[in-house]
Amino acid sequence: MPNHQIDPNKWIDLYSDYLFNYTISRVNDRDLAKDLVQDTFFAGLKSMKNFKGEASERTWLISILKRKVIDHYRKINSNKGKAEVRMSYNSDSETEGDWLEERVADPFDKTAEDTLENEELGDAIYSCLDKLPKKQATVFKMKTIEGIDTETICNELNITASNLWVIIHRARTTMASCMEKNWF
Amino acid sequence: MRTKMKIHKACEKANHVCDKSQYNEATFLEKLKLMLHLLFCSACRKYSNNNKKLTATLENSKVDCMHKKEKEALKENLEKAIHKQQH
């Protein structure tokens with residue numbers, strides 16, 4: 001079994017998107033997710049000498065990130081009780097429907113199961129993205145996930161439009177077959 | 001042989017339009033041509049279906065990634081931290 005090496009200079013290029021997606025599907029807040037990812041990298045840096053090389057770098061970083069996410073929820077949970085607003089309103093039939101809260105539909109369509117599935121789906125997509133060549137992955141991410149328009153990507157990466165579409169086509173074919181195997 | 005080449009070219013074009021339409025960049029005429037092509041070409045039909053499925057899944061999953069600027073800021077911070085640790 002190969003011993004895994006650690007190199008923090010490459011972390012951002014290799015793992016930031018994966019870690020970010022992992023976090024955002026669990027905390028639902030961009031800025032917070034960014035902070036947590038950054039904290040993870042810092043913590044990883046600090047405890048680099050504890051890295052035994054048994055797992056891959058990514059697995060190791062994810063295990064740190066998991067702790068960070070849990071810690072975050074612990075923290076906000078302990079604050080919750082203090083900020084609770086208690087309202088008393090008697091619920092007789094005459095006034096029912098007066099409160100805005102009573103008129104809001106229950107969120108039937110968003111169950112815990114959906115959220116869980118979404119998290120797993122995000123992980124599956126990223127593990128498929130990992131299998132793409134680097135250039136294809138970059139272009140595909142920019143075009144599909146970030147939704148940048150063709151012209152901007154072409155200018156940034158210095159490629160022609162037809163070149164871009166060929167890359168996209170290859171990436172899509174690979175992604176589709178990979179997702180077919182892993183997900184559908 | 002010649003017809004085979006022609007078919008190949010047509011499929012290539014159809015796939016290209018199919019890719020474009022996943023990002024809403026195909027024109028109406030292109031889409032119409034694609035539909036006609038899909039009527040008789042089962043290989044492209046398969047590709048088209050898979051392609052649509054992939055788009056739908058990606059949309060459903062709401063995957064997100066960091067923007068370039070955010071990454072650069074993060075990189076800067078991390079580099080500082082690495083530097084600090086070495087000294």
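Letters go in sequence order (proteins before strands), and every chain restarts at 1.
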A.B. asks: Walk me through whether Tyr18(A) and Leu129(A) qualify under side-chain contact (heavy atoms from CB on, under 4.5 Å).
C.D. replies: CA-CA 9 Å; Tyr18(A) 181 81; Leu129(A) 267 173; over 6 Å; no

A.B. asks: Is it the case that the side chain of Arg170(A) and the backbone of Val166(A) share a donor-acceptor pair, with hydrogens and angles ignored and the cut-off at 3.5 Å?
C.D. replies: no

A.B. asks: I'd like to verify something: which residue of Glu156(A), Met175(A), His169(A), Gln38(A) has the highest number of heavy-atom pairs under 4.5 Å with chain B?
C.D. replies: His169(A)

A.B. asks: Between Ile148(A) and Lys143(A), is the side-chain contact (heavy atoms from CB on, under 4.5 Å) condition met? List the steps.
C.D. replies: CA-CA 5 Å; Ile148(A) 305 173; Lys143(A) 183 95 185 120; over 6 Å; no

A.B. asks: Among Thr150(A), Leu19(A), Thr144(A), which residue has the highest count of heavy-atom pairs closer than 4.5 Å to chain B?
C.D. replies: Thr144(A)

A.B. asks: Output the residues of residues 20-42 of chain B for which the shortest heavy-atom distance to chain A is under 4.5 Å, in residue-number order; output 'none' if no such residue exists.
C.D. replies: Lys20(B), Gln22(B), Tyr23(B), Glu25(B)

A.B. asks: Decide, based on the SG atoms alone, whether Cys44(B) and Cys11(B) are under 2.5 Å apart.
C.D. replies: no

A.B. asks: Can you list the steps and then say if Leu61(A) with Arg58(A) is a side-chain contact (heavy atoms from CB on, under 4.5 Å)?
C.D. replies: CA-CA 5 Å; Leu61(A) 285 169; Arg58(A) 196 176 81 177; 5.7 Å; no

A.B. asks: Measure distances from Ile125(A) to the heavy atoms of chain B and classify the residue's part below 4.5 Å as side chain, backbone, both or neither.
C.D. replies: side chain

A.B. asks: Distance from Leu58(B) atom CG to Lys53(B) atom NZ, nearest 0.5 Å?
C.D. replies: 13.0 Å

A.B. asks: Between Lys131(A) and Thr174(A), does a side-chain contact (heavy atoms from CB on, under 4.5 Å) hold up when you go through it step by step?
C.D. replies: CA-CA 9 Å; Lys131(A) 286 181 193 138; Thr174(A) 321; 5.7 Å; no

A.B. asks: Do Lys34(A) and Asp31(A) sit within salt-bridge range, that is, some charged N less than 4.0 Å from a carboxylate O?
C.D. replies: yes

A.B. asks: Heavy-atom distance under 4.5 Å to chain B: side chain of Tyr126(A), backbone, both or neither?
C.D. replies: side chain

